[in-house]
**Student:** 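Supplied in structure tokens, the structure appears directly below.
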Amino acid sequence: MLASGDSNWGITGVTQRSDTVARQLAPQDGLFTVTERGSGAAPLRVVSSIVEAISGRDNPAAVVDRIAADATKVVTLTVTEKGYRIDPRTGSLNMGDDQVQADLAGRAPQTAIGQIARGLQQRARAGAGPVTVVSCDNLPGNGDLTRNLVRAFAAALAAGEAEPLLAWLDANVTFPNTMVDRMVPVTTAGDLDAVERELGLRDEAAVVAEPFMQWVIEDNFAGDRPRWEDAGALFSSDVAAWEAAKLRLLNASHSMLAYLGLAAGKATISDAVGEDAFLTACRRMMAEDALPTISLPGGLDGQKYCAQVLSRFANPALGHTTAKVGSDGSQKIGLRLLSTVRGNLDAGREPRWAALAVAAWMRHVAATPAAELNDPLAEELHAALPAARDADAVVPALLGCRSIFDAELAADTRFAGLLTHWYRIIDTHGLDGLRKEINHG
Ligand code: CS2
């Protein structure tokens, strides 16, 4: 959340994890460091833009108050794909989610969409001015989506509440689309120790990141905003093309490397992309499956972009783990891989390499005990799995998960055949089998 004070912008940082606030940011007056790892890394930097840190879990009313405050001009959210509580069948707010229902029933809201909607409702009642809500998550049309989710929440309120809020939202709130790109692994205890050695102080909120960063924003703001362009942000009317390129090229390859890496016992993304066969599979998925399904933003060279992405993945200093990138797969593969799959099938082409990434995810689900599968749908996925875990049993079972695969895609025998082919190789022949099949290509 960003307030403004005559262009002196300050951030109220809201985290959903109470220990992050209690243990980390609050005792440090919101100060934290950013350490870049890899070629071209800038020196360690202390960030002082957070003027207040609030736990969205422990103090939801404060979050609502800050959103409602007239001084707040921009609300940004980075809550990962699952934080939006999207119903995959409708693409809208999951009204079957008990947390969403509890927020609608009037408790101090705990969900991101509930906190934003209730904050905007309080803002409307207080007569505060226009505000802009900026999603910074890996979702196509993330601003449009956030608007639709907030409007769905408003529309589900009691009759006397819904209409005035919807009218106010439409007149006073904008939701620009954005594309944000920077690899930021989970900070480890070793990272905290390294920062302490360099800084001479203990920073419990230290952030580690790659040197690369990119932020593309639709210039659709309801009121004031910081001059993010001065820090390198790009304002564009073609954010959708940037989002598609990033999701279907970078994020899709990230997921492919995560699941192939996990199958081969590779702990990090850089280890996984260091396996020549996996590097080849990424290259071919980007070139042969993904690029033909997207229109690149003006001026972006597809080949150079793909080469740069793979070079970023190879950064050995970053320590991005296959387990972290492979988490929440049920929320990611549709956005990153299945759009490419559908685009190729519709064009009469076989998405050979995107199917490999999906098959590797299926093998990850089947080979990981439910209690260890880091996925909001872990129970649903494991309930769908048969006792047998071979290709002929697992592929149709997971294709039957309508939260992920729609009926038309699940019934496509070309796709099912590719999934079965790759799953069988991973499951039966492992890394050697993958090397042979990918290099045989
Ligand atoms: C990653 C992304 O964890 C993941 O799913 O693919 O967080 C990725 O690091 C960022 O989108 C890079 O901009």
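Every number for a ligand or one of its atoms is a count from 1 in the order of the listing. The first residue in the sequence is number 1, and the count goes up from there.
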**Student:** Is R336 touching ligand 1 with its side chain, its backbone, both, or neither, if touching means heavy atoms under 4.0 Å apart?
**Tutor:** side chain

**Student:** Show which atoms of ligand 1 fall inside a sub-4.0 Å distance from at least one heavy-atom site of H320.
**Tutor:** 9 (O)

**Student:** Tell me whether D406 is salt-bridged to R342, with the criterion being a basic N under 4.0 Å from an acidic carboxylate O.
**Tutor:**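 Yes, D406 and R342 are salt-bridged.
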
**Student:** Taking only heavy atoms of K324 into account, list the atoms of ligand 1 that are under 4.0 Å away from them.
**Tutor:** 3 (O)

**Student:** Between E380 and S403, does any side-chain donor sit less than 3.5 Å from a side-chain acceptor?
**Tutor:** yes

**Student:** At a 4.0 Å threshold, what atoms of ligand 1 neighbour a non-hydrogen atom of K332?
**Tutor:**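 In order of number, 3 (O), 4 (C), 5 (O).
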
**Student:** Indicate yes or no: does R227 engage E229 in a salt bridge with an N to O separation below 4.0 Å.
**Tutor:** yes

**Student:** For atom 2 (C) of ligand 1, which protein heavy atom lies nearest, and how many Å away is it?
**Tutor:** N251 ND2, 3.7 Å

**Student:** List the closest protein heavy-atom neighbour of atom 7 (O) of ligand 1: residue, atom name, distance to the nearest 0.1 Å.
**Tutor:**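 It is N138 ND2, 4.2 Å.
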
**Student:** Check ligand 1 against K246 and write out every atom of the ligand that is under 4.0 Å from a heavy-atom position of the residue.
**Tutor:**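 So the atoms of ligand 1 that pass are 10 (C), 11 (O), 12 (C), 13 (O).
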
**Student:** Tabulate below the donor-acceptor pairs under 3.5 Å that side-chain atoms of residues 42-51 make, not counting sequence neighbours, or state none.
**Tutor:**
none

**Student:** If you measure from the Lys or Arg side-chain nitrogens to the Asp or Glu carboxylate oxygens, is any gap between D427 and R424 under 4.0 Å?
**Tutor:** no

**Student:** If you count the atoms of ligand 1 from 1 in the order shown, which ones are under 4.0 Å from a heavy atom of H254?
**Tutor:** 1 (C), 6 (O), 8 (C), 9 (O)

**Student:** Under the ring-ring contact (aromatic ring centres under 6.0 Å, His included) test, which residues partner W422, sequence neighbours left out?
**Tutor:**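 By the ring-ring contact (aromatic ring centres under 6.0 Å, His included) rule, W422 matches W353.
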
**Student:** Would you call R202 and D193 a salt bridge, taking side-chain N to carboxylate O under 4.0 Å as the test?
**Tutor:** yes

**Student:** Does ligand 1 have a heavy atom under 4.0 Å from the side chain of D181, from its backbone, from both, or from neither?
**Tutor:**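 The answer is both, backbone and side chain.
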
**Student:** Which of the atoms in ligand 1, numbered in the order shown and given with their element, are less than 4.0 Å from a heavy-atom of M183?
**Tutor:** 9 (O), 12 (C)

